[in-house]
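Comments concern the structure below.
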Amino acid sequence: VSPSRGLGDVYKRQAIEFLPTDADLRLHVIERLHSRGRLDQARRFARRGRSIFPENDRFQMLIEEIADEEIQDANHLE
(Lines give C-alpha, C1' and ligand atoms only; values in the text may rest on other atoms or scores of the structure.)
Protein backbone atom coordinates (compact mmCIF):
# COMPACT_ATOMS: atom_id res chain seq x y z
CA VAL A 1 0.00 0.00 0.00
CA SER A 2 1.47 3.35 -1.00
CA PRO A 3 1.68 6.01 1.72
CA SER A 4 -0.52 8.36 -0.30
CA ARG A 5 -3.26 5.77 -0.45
CA GLY A 6 -3.34 5.19 3.30
CA LEU A 7 -4.05 1.99 5.15
CA GLY A 8 -7.17 3.47 6.72
CA ASP A 9 -8.73 3.95 3.30
CA VAL A 10 -7.93 0.39 2.30
CA TYR A 11 -9.52 -0.96 5.47
CA LYS A 12 -12.62 1.18 5.01
CA ARG A 13 -13.08 -0.03 1.44
CA GLN A 14 -12.67 -3.61 2.65
CA ALA A 15 -15.20 -2.94 5.40
CA ILE A 16 -17.74 -1.95 2.75
CA GLU A 17 -17.29 -5.38 1.19
CA PHE A 18 -18.08 -7.01 4.54
CA LEU A 19 -20.74 -4.49 5.61
CA PRO A 20 -22.41 -3.48 2.35
CA THR A 21 -25.53 -2.30 4.20
CA ASP A 22 -23.70 0.38 6.23
CA ALA A 23 -24.70 3.56 4.37
CA ASP A 24 -22.73 5.90 6.63
CA LEU A 25 -19.50 3.94 6.12
CA ARG A 26 -20.04 3.90 2.36
CA LEU A 27 -20.73 7.65 2.32
CA HIS A 28 -17.59 8.32 4.35
CA VAL A 29 -15.44 6.32 1.94
CA ILE A 30 -17.01 8.02 -1.10
CA GLU A 31 -16.38 11.46 0.36
CA ARG A 32 -12.79 10.50 1.20
CA LEU A 33 -12.15 9.20 -2.31
CA HIS A 34 -13.76 12.31 -3.79
CA SER A 35 -11.65 14.65 -1.68
CA ARG A 36 -8.52 12.82 -2.83
CA GLY A 37 -9.44 13.22 -6.48
CA ARG A 38 -10.25 9.56 -7.04
CA LEU A 39 -13.41 10.43 -8.94
CA ASP A 40 -13.85 7.19 -10.90
CA GLN A 41 -13.71 5.09 -7.78
CA ALA A 42 -15.90 7.50 -5.81
CA ARG A 43 -18.49 7.45 -8.59
CA ARG A 44 -18.57 3.64 -8.68
CA PHE A 45 -19.06 3.45 -4.90
CA ALA A 46 -21.77 6.13 -5.05
CA ARG A 47 -23.67 4.40 -7.85
CA ARG A 48 -23.57 1.12 -5.97
CA GLY A 49 -24.73 2.91 -2.82
CA ARG A 50 -27.61 4.49 -4.72
CA SER A 51 -28.74 1.05 -5.89
CA ILE A 52 -28.46 -0.43 -2.38
CA PHE A 53 -30.01 2.59 -0.61
CA PRO A 54 -32.44 4.18 -3.11
CA GLU A 55 -34.13 6.11 -0.28
CA ASN A 56 -30.89 7.88 0.65
CA ASP A 57 -30.60 11.01 -1.51
CA ARG A 58 -27.00 11.65 -0.45
CA PHE A 59 -25.69 9.06 -2.93
CA GLN A 60 -27.36 10.82 -5.87
CA MET A 61 -26.09 14.17 -4.63
CA LEU A 62 -22.54 12.83 -4.56
CA ILE A 63 -22.90 11.38 -8.07
CA GLU A 64 -24.03 14.80 -9.29
CA GLU A 65 -21.20 16.60 -7.44
CA ILE A 66 -18.64 14.28 -9.02
CA ALA A 67 -20.15 14.76 -12.48
CA ASP A 68 -20.11 18.55 -12.05
CA GLU A 69 -16.47 18.44 -10.96
CA GLU A 70 -15.53 16.30 -13.97
CA ILE A 71 -17.27 18.77 -16.30
CA GLN A 72 -15.41 21.68 -14.71
CA ASP A 73 -12.10 19.81 -15.01
CA ALA A 74 -12.81 19.06 -18.68
CA ASN A 75 -13.67 22.70 -19.36
CA HIS A 76 -10.37 23.82 -17.84
CA LEU A 77 -8.49 21.51 -20.20
CA GLU A 78 -10.00 23.15 -23.29
Would you be so kind as to tabulate the donor-acceptor pairs closer than 3.5 Å made by side chains of residues 18-27, with sequence neighbours excluded?
unit_1: Asp22; atom_1: OD1; unit_2: Asp24; atom_2: N; d: 3.3
unit_1: Asp22; atom_1: OD1; unit_2: Leu25; atom_2: N; d: 3.0

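Residues Ile30 and Arg38 fail the side-chain proximity criterion, which asks for heavy atoms closer than 4.5 Å.
In this structure, His34 and Leu39 approach most closely via the heavy-atom pair CD2-CD2, 3.3 Å. Residues Ile66 and Arg43 come closest through the heavy atom pair CD1-N, 3.8 Å. Nearest heavy-atom pair across Leu33 and Gln41 is CD2-OE1, 3.5 Å.
Applying the 6.0 Å contact sphere to CG of Asp68 captures more than 12 heavy atoms from other residues, nucleotides or ligands. Other residues, nucleotides and ligands contribute at most 12 non-hydrogen atoms within 6.0 Å of the CZ atom of Arg48.
A salt bridge is defined here as a Lys NZ or Arg NE, NH1 or NH2 lying under 4.0 Å from an Asp or Glu carboxylate O, and Glu65 with Arg58 meets this definition.
Note on Ile63: it does not cluster hydrophobically with Ile52, by side-chain heavy-atom contacts below 4.5 Å among ILVMFWY residues.
Asp40 CG to Glu70 CD: the interatomic distance, rounded to the nearest 0.5 Å, is 6.5 Å.
Scanning for ring pair (Phe, Tyr, Trp, His ring centres under 6.0 Å) contacts around Phe59 gives Phe53, with sequence neighbours left out.
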